[in-house]
Amino acid sequence: MKNILITGALGQIGSELTIKLRKEYGNDHVIATDIRETDSDVVKGGPFEILDVTDGQKMYDLAKKYNADTIIHLAALLSATAEAKPLLAWNLNMGGLVNALETSRELGCQFFTPSSIGAFGPTTPKDQTPQDTIMRPTTMYGVNKVSGELLSDYYYQKFGVDTRGLRFPGLISYETPPGGGTTDYAVEIYYEAIKNKSYTSYIGEGTYMDMMYMPDALNAIVNLLEADPANLKHRNSFNVSAMSVAPETITKEIQKHIPEFTLSYDVDPVRQAIAESWPDGIDSAAAKAEWGFKAEYDLAKMTADMLEKLK
Ligand code: VAH
C-alpha cells in the first residue's frame, strides 16, 4: 500500500484508521474523504477531500488525482439508520460500494470494505457461527452487507480486483462515537459510566453480541491488507471477533472500576429485534488460520482502557 484513499474517513472506524495509516505510511500517502468537513486531525493532518460516495465520477477523479493504489471504503449507513430508511440505505450503501469497486477495477487498486455480523440472520447458527454458513439477514443493513460480500468476491473472481473484507462485530472506541448502529449501546455505556455512573440500555438483558475494541479492528484491517494473497482461501469477508458480551456482562466489568455504577433497561424493540437476528458468538478460525488474526483486548482489558481514556 503506498497511496490509500479512504471514504467515510470521519466515521467511527475512519477517524482512527486515517491517523494510524498516516503514521505508518506517511501523511501525504493517506487521502481522507468524507461527505462533510470538520476541523479534526483527519482533515488537518493530511490530504482531505469532500466526497459523496454516490458520485462515482468524483471518486474516480480523486483516486486518479492522488494516484491511489488502495481504496478503503467505509462510508455507509449502519443497521438502525438503514432499518429506518431502507431505500436510502440501499442507494447509499450499494451505490457507494459499486462506485468504489468500479474505481478499484479501472485503476487497479487493492480494495477493502467492512462487512458485519449483521450479514447473518435468524437462521444462521447462533453460537460459534462458522465462516461459511447460512446467510439470510432480515435487515436492510444485512442485505447490503451480504450483497456487498458477494459483489466484492465477484470483482475478485471476474476482474481480478484484490478485494478483501472483514465481518466486524460491534466496535468499541472512545475517539468518535458510532452513529445509527445497534451495538452503539456498548460504547454509550462507558461514556455514561464516567458521566452519570448509570446507564439505561436499549438492548435487553441476556442479549449477547460479538464485540471488538477499535485497536484490534484497525490492526485486523492492516494485517489483512498486507497478508500474502497465496494464503487467502476467503476474501469477502472474514469472521473476526474478540468477545461475546451482553449489557449485564459489560456492567459487571465496569463495576470492578466504578462499584456504584448501575444499569437499567428501556428496550428499543427495533434495535432489539435487529440484535436478536444476529449471532451470539462467531468463529474467527479462518481469519486466524489464513492471515494470523489475533485480538489483544478481552472485555477486562478493554474496559480498563476505555474508562482510563474517557476519564
Ligand atoms: C451496527 N456497529 O451496529 C454496526 C455493526 C455489528 C454491528 O455493523 O450497525
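For ligands, and for the atoms within them, numbers begin at 1 and follow the listed sequence.
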Can you list the ligand 1 atoms lying under 4.0 Å from a non-hydrogen atom of [X]?
{"X": "Gly170", "value": "6 (C)"}
{"X": "Gly181", "value": "1 (C), 3 (O), 9 (O)"}
{"X": "Pro169", "value": "6 (C)"}
{"X": "Ile117", "value": "6 (C)"}
{"X": "Leu78", "value": "9 (O)"}
{"X": "Phe168", "value": "6 (C)"}

Review point. Any idea which protein heavy atom is nearest atom 2 (N) of ligand 1, and the distance to it?
Key: Thr183 OG1, 3.1 Å

Practice item. Look at atom 3 (O) of ligand 1 and say which protein heavy atom is nearest, naming residue and atom and giving the distance to 0.1 Å. Key: Thr182 N, 2.7 Å

Practice item. Test salt bridge (charged side-chain N to carboxylate O under 4.0 Å, His left out) on Asp305 and Lys301 and set out the steps. Key: CA-CA 6 Å; Asp305 197 60; Lys301 193 175 171 189; over 6 Å; no

**Study point:** ligand 1-proximal atoms of Trp278, by part, heavy-atom distance under 4.0 Å
**Key:** side chain

Check your understanding: Counting only heavy atoms, which portion of Ala80 has something under 4.0 Å from ligand 1: side chain, backbone, both, or neither?
Key ->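 It is neither; nothing of Ala80 touches ligand 1.
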
Donor-acceptor pair between [X] and [Y] side chains, under 3.5 angstrom:
{"X": "Asn236", "Y": "Thr163", "result": "yes"}
{"X": "Asp52", "Y": "Thr54", "result": "yes"}
{"X": "Tyr202", "Y": "Glu188", "result": "no"}

Check your understanding: With a 4.0 Å cut-off on heavy atoms, does Gly118 reach ligand 1?
Key ->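 In this structure, Gly118 fails to qualify as a contact of ligand 1 - no heavy atom is under 4.0 Å.
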
Exercise for review: Check whether any heavy atom of Pro178 sits under 4.0 Å from an atom of ligand 1.
Suggested key: no

**Study point:** Thr303 vs Leu307 side-chain heavy atoms within contact, under 4.5 Å
**Key:** yes

**Study point:** Side chain proximity check, Arg235 to Glu149, heavy atoms < 4.5 angstrom
**Key:**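 Side chain of Arg235 against side chain of Glu149, heavy atoms only: no contact under 4.5 Å found.
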
Review point. Does any N/O atom on Ser79 come nearer than 3.5 Å to any N/O atom on ligand 1?
Key: yes

Point to revise | Min N/O separation Tyr141 to ligand 1 under 3.5 Å | key: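 Right, the criterion is met.
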
**Study point:** Distance-minimising heavy-atom pair for Thr207 and Ala275
**Key:** CG2-CB, 3.9 Å

Point to revise | Straight-line distance of Thr38 OG1 to Leu10 CG, nearest 0.5 Å | key: 4.5 Å

Review point. Quick one: OG1 on Thr183 to CD1 on Ile274, what's the gap to the nearest 0.5 Å?
Key: 10.5 Å

